[in-house]
Every structure is written in C-alpha cells, then in structure tokens.
Amino acid sequence: AVTTRSAAASSPTPSGAGEDVLFDHSALELRGVVSRITFHNEENGFVIARLRTGETVKGVLREPAVGVEYHLIGTWKLDPRFGWGFAFSDAQPLVPTSLAGIRDYLRAHCPWVGQEVSRAIVEAFGERAIEVCKSDPATVSKQISGVTPDRAADIQEALLERAHLEQVEVDVRGIVS
C-alpha cells in the first residue's frame, strides 16, 4: 500500500528517541521542490537535499536541481546523527505547472535564463512557457527582449535534453524494478 504524504505536512514524530527506526514500513509518496542540495556524489548519483518545506531527502538522482519538484517514493528513517529524513527509492522530476515553478525550472535548466528572462518568458507564454521554449525558439527570440535566436536555440536544446534525460531515467527505473 502506498500512502501519500504532502511535503507540506509536518515531519514524522519519532517513536523512540535516538533509535534508527523506520517511521513507516510501508512505501510513502512525497512531493516537494528542492531548495538546497547538501551533498551530491556525481559518480553514483547519491544526493542529500532539502525541500522548500524543510524535509531532508536522500537517494539517487543523476542530475538533481534546485527549484525542481520531485515525486518521491520511499520511507521515513531516523538517523541518530541527522534526525528524520525521507529515504527515497524512486524519484520522478515533475514538470511544474505553477508560474513560479515554471520560472524556477527555466532558471535551473536553461542557459541564458536568469530572474528577468524567466519572468519575461512566463509573462509572455504563461503555463505554456516550457512547451513554447521547447517547440518554437523563433517565437521566443522574437517576443523576449535579450533572447537572440542562438540563445533561444540553446534554451530549446537544454529543455529537450532535460526531457530526454528524465525519460531515460524513467525507462531505466522501469527495467531495474
């Protein structure tokens, strides 16, 4: 049975102080946006990160990124040194749907895109911003000040590569599980 737990929910309460026990032996789901990457081993992909809501998560992500929302499946564990954390065995990056999430996603994954350009792209294209950047770089360069055709092509390439990497990760996880 899979229990859904929002990242906005409070952290679990330990059943025994100082014990290294699982909070719940059943699989749990957690969704949240990465606010900080505390540790990342590029060789094996192991990452320890903090979500915007304060939870610490750890597991394998090949290319973790601040500002990206993930759907995680795992269990809560109590580490005697670091406290409660969510140990995930599966992670799916989610394409954001909120305007703030889209801005964060563009900044995290696209060259030439900072605070102002991400704001301008989202103001111009709204919830379709990522799709427009992936499919129509000419429109992006025409409508967004400071984005040349070459830069729009770089943005498109980065988003298409990101989508490909995310799909490969999903495919590999499907083969392994």
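One is the number of the first residue; the rest follow in order along the sequence. Since we're looking at a predicted model, the values are computed, not measured. The analysis underlying the following values was restricted to heavy atoms, covering all of them including side chains, and did not include hydrogens, waters or symmetry mates.
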Trainee: Looking only at non-hydrogen atoms, find the nearest pair between His40 and Leu61 and report the distance.
Mentor: NE2-O, 3.2 Å
Trainee: For Val57 and Leu30, which heavy atoms make the closest approach, and how far apart are they?
Mentor: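 So the two residues come closest at CG1-CD2, 3.9 Å.
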Trainee: Would you give the length of the straight line joining atom OG1 of Thr148 to atom CD1 of Ile155, rounded to the nearest 0.5 angstrom?
Mentor: 8.5 Å
Trainee: Any salt bridge between Arg107 and Asp104, counting N to O under 4.0 Å?
Mentor: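 The answer is yes: the pair qualifies as a salt bridge.
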Trainee: Any side-chain hydrogen bond (donor to acceptor under 3.5 Å, both in side chains) pairs touching residues 131-141, not counting sequence neighbours?
Mentor: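 Non-adjacent pairs meeting side-chain hydrogen bond (donor to acceptor under 3.5 Å, both in side chains): Asp136-Thr139.
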Trainee: To the nearest 0.5 Å, how far apart are OG1 in Thr56 and CZ in Phe86?
Mentor: 12.5 Å
Trainee: At what distance, to the nearest 0.5 angstrom, does CD1 of Ile102 lie from CD1 of Ile121?
Mentor: 11.0 Å
Trainee: Between Ile37 and Leu72, is there shared hydrophobic-cluster membership here, with clusters defined by ILVMFWY side-chain heavy atoms closer than 4.5 Å?
Mentor: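 Yes, same cluster.
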Trainee: Does CD in Glu123 sit with more than 12 non-hydrogen atoms of other residues, nucleotides or ligands closer than 6.0 Å?
Mentor: yes
Trainee: Nearest 0.5 Å, please: how far is CG in Asp79 from CZ in Arg81?
Mentor: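 Atom-to-atom, Arg81:CZ and Asp79:CG are 8.0 Å apart.
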Trainee: Mind checking whether Ile130 and Pro96 have side chains closer than 4.5 Å, heavy atoms only?
Mentor: yes
Trainee: Could you pull out the closest heavy-atom pair between Arg119 and Arg103, with the gap in Å?
Mentor: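 Of all heavy-atom pairs spanning Arg119 and Arg103, the closest is CA-CD, 3.8 Å.
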Trainee: Which residues, ordered by chain and number, are linked to Phe39 in its hydrophobic cluster, where ILVMFWY side chains connect at heavy-atom gaps below 4.5 Å, directly or through other members?
Mentor: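 Cluster partners of Phe39: Phe46, Ile48.
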Trainee: For the hydrophobic clusters of this structure (ILVMFWY residues joined by side-chain heavy atoms under 4.5 Å, transitively), does one cluster hold both Trp112 and Val66?
Mentor: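 Trp112 does not cluster with Val66.
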Trainee: Among Leu159, Leu94, Val33, Val122, whose side-chain contact (heavy atoms from CB on, under 4.5 Å) with Tyr105 holds?
Mentor: Leu159
Trainee: Can you name the closest pair of heavy atoms from Gln143 and Phe125 and give their distance?
Mentor: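 Closest approach of Gln143 to Phe125: OE1-CE2, 3.5 Å.
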Trainee: Under 4.5 Å between any side-chain heavy atoms of Leu28 and Phe88, yes or no?
Mentor: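 No, side chains not in contact.
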Trainee: Measure across His109 and Ala158 and return the closest heavy-atom pair with its distance rounded to 0.1 Å.
Mentor: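 For His109 and Ala158, the tightest heavy-atom pair comes out as O-CB, 3.3 Å.
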Trainee: Is a salt bridge present between Glu69 and Arg31, judged by a nitrogen-to-oxygen distance below 4.0 Å?
Mentor: yes
Trainee: Which heavy atom in Arg52 sits nearest to a heavy atom in Gly67, and how many Å separate them?
Mentor: NH2-CA, 4.2 Å
Trainee: Side chains of Gln92 and Asp90: donor-acceptor distance under 3.5 Å anywhere?
Mentor: yes
Trainee: Does Val117 reach the side chain of Gln115, with side-chain heavy atoms less than 4.5 Å apart?
Mentor: no
Trainee: Are any of the side-chain heavy atoms of Glu127 and Leu99 separated by less than 4.5 Å?
Mentor: yes
Trainee: Hey, does the side chain of Arg50 reach the backbone of Gly54 with a donor-acceptor pair shorter than 3.5 angstrom?
Mentor: yes
Trainee: Could you state the interatomic distance from CD (Glu157) to SG (Cys133), rounded to the nearest 0.5 Å?
Mentor: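 Here the rounded value is 14.0 Å.
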Trainee: Hey, could you give me each pair passing salt bridge (charged side-chain N to carboxylate O under 4.0 Å, His left out) that has a residue in residues 38-49? Not counting sequence neighbours.
Mentor: none
